[in-house]
There are 2 protein chains.
Amino acid sequence: MSRPLRQPREELRQSILDAARGILDREGMEGLSARAIAREIDYTAATIYNVFSSMSDIVMEINRETLAEVALLFSALPKDLSAADRLRALSKSYVCFMQDNPARWNALFGGNRERESFPNWYTGTIEGLKLQLAHLLIEHAGDLDRVRAEKLAEHLFVSVHGALTLGVGRRLDLLTQRDTLDVAMSGVELILNSLTAEAGKL
Amino acid sequence: MSRPLRQPREELRQSILDAARGILDREGMEGLSARAIAREIDYTAATIYNVFSSMSDIVMEINRETLAEVALLFSALPKDLSAADRLRALSKSYVCFMQDNPARWNALFGGNRERESFPNWYTGTIEGLKLQLAHLLIEHAGDLDRVRAEKLAEHLFVSVHGALTLGVGRRLDLLTQRDTLDVAMSGVELILNSLTAEAGKL
DNA sequence: TGAATTATTGAACGCAGTTCATTAACTAGT
DNA sequence: ACTAGTTAATGAACTGCGTTCAATAATTCA
């Protein structure tokens, strides 16, 4: 077996990530292995460990890209909509993105976490998304203190997360005939309703 | 290596399940393997395949027990409480049960589903839990049609599921400082509030 | 006692992540 | 041009996984 031409480190790194991304999107998490990546880029599994120190580091790198895409999604909101409609649009595009990329979802949120601590780009991005949700909620219902807004944003995130977990894991049909987006969006409406109802009472 | 004494099929079956349950509770999903079970009951991995046709069948059998325990939890509600309080008690005991048995949770809801169809005891139990939730919601707010009650029950289940997924997967701290139970219960309160607020408006 | 049946097994297959000593290829110095 | 030193890539191995299967040991029956 002939040794492949040398590649600069950074280039090889990118080849590995490209291959990994491809396999992940094509065959899902269970198809992603060091040997599969090596096969694809015409190297040996051991070579991968000269660049990444573990498989989970590779997955983490893909997660970084995924989170960046999600953050982009969150930042690309039409400015002319009401806060409620922007929240709806946001939720919808998030759910659709994850539903269209189930393997990315599994890489990001599947299984129990292995790391004790997450890098800043990870925690920071999620914190940012949460704050953006909270901001939209405050804009939607002005009389809403920061703490409560964040709690509601957390609830929003959690309930959408539940719908996506069940949906992507193909277990939502155990509970309902509705599809993932429908379930997630009715959760959004529930929060919006609860805010307007409360505002009407005061 | 001496061959162990023969055990009647059913007895061996139970030994396997007992060992599996023990390993699962002790070491979690990643510790549960055919060889680990065999080690524990002093048989060989191959023997297990004379009794169960796959590892996932064993997990499925444990899931049956888990779901039975959950159903028991749901049926053991104090009758003297209000509907809202019973819903609260239910949610709390469900969340606590799963939080105390994270490996059971992972066995039940972790990873993507492998089976195309689930047995009746599986789908039926979950359907039953949902209907019980819907029933409590109707009792709490009389003017609530069946369809909407079921949708709310689904939302309740989904949002608690989201909290538990994040909590058991040890990812909830990415989103909030609150603990799993707190997050789940505030979701319950949100639903209860939205019902009473709506009732007050009409 | 010998034959048929049954339970259990060791060994293997293909896969996984990961490690490491060896080898091949390139670079710099003389 | 030749050598020494450095780096990149590798094959082979280790452990462990789910699973299969022909062979073996123990039991039952004629």
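For B:I41 and C:dA7, the CD1 to P distance is 15 Å, given to the nearest whole Å. Counting to the nearest Å, the P atom of C:dC26 and the CZ atom of A:R9 are 15 Å from each other. Rounded to whole angstrom, the span from the CD1 atom of B:I16 across to the P atom of D:dT19 amounts to 13 Å.
Taking only side-chain nitrogens and oxygens, B:S33 comes nearer than 4.0 Å to OP1 or OP2 of D:dC17.
Around the CG atom of B:N120, the shell of radius 6.0 Å holds no more than 12 heavy atoms that belong to other residues, nucleotides or ligands.
The stretch residues 55-64 of chain A touches DNA chain C through A:M55, each having a heavy atom under 4.0 angstrom from the strand.
Not a single side-chain hydrogen bond (donor to acceptor under 3.5 Å, both in side chains) links A:E114 to another residue, sequence neighbours left out.
Listed candidates were C:dT9, C:dG17, D:dT10. Nearest to the side chain of A:Y49 is C:dG17.
Among the heavy atoms of the strands lying under 4.0 Å from B:L32 are primed sugar atoms or P, OP1, OP2 only; no base atom is included.
Each of A:A34 and B:L12 has a nearest nucleotide on DNA chain C; the 5'-most of these lies closest to B:L12.
Residues B:E40 and B:R35 are not paired through a salt bridge, judged by the lack of any N-O separation under 4.0 Å between the basic side chain and the carboxylate. Between B:R115 and B:D57 there is a salt bridge, since at least one side-chain N of the basic residue sits less than 4.0 Å from a carboxylate O of the acidic one. Salt bridge status for B:E189 with A:K151: absent, with no side-chain N to carboxylate O gap under 4.0 Å.
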Show me the donor-acceptor pairs, under 3.5 Å and distance only, between side chains in residues 155-166 of chain A and residues at least two apart or in other chains.
{"residue": "A:S159", "atom": "OG", "partner": "A:L156", "partner atom": "O", "Å": "3.4"}
{"residue": "A:T165", "atom": "OG1", "partner": "A:H161", "partner atom": "O", "Å": "2.7"}

For residues 16-24 of chain A, which side-chain N or O atoms pair as donor and acceptor with protein atoms under 3.5 Å away, sequence neighbours left out?
{"residue": "A:D18", "atom": "OD1", "partner": "A:R21", "partner atom": "NH1", "Å": "3.1"}
{"residue": "A:D18", "atom": "OD1", "partner": "A:R21", "partner atom": "NH2", "Å": "3.2"}
{"residue": "A:R21", "atom": "NE", "partner": "A:E65", "partner atom": "OE1", "Å": "2.6"}
{"residue": "A:R21", "atom": "NH2", "partner": "A:E65", "partner atom": "OE1", "Å": "3.4"}
{"residue": "A:R21", "atom": "NH2", "partner": "A:E65", "partner atom": "OE2", "Å": "3.0"}

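Five base pairs at each end of the helix from C:dT1-D:dA30 to C:dT30-D:dA1 define two local axes, and these are offset by 40° (rounded to 10°).
In the model, A:R64 has no side-chain atom that pairs as donor or acceptor with a side-chain atom of A:T125 under 3.5 Å.
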List every contact pair, protein side and nucleotides 11-14 of chain C side both N or O, where the distance is under 3.5 Å.
{"residue": "C:dA12", "atom": "N6", "partner": "B:R35", "partner atom": "NH2", "Å": "3.4"}

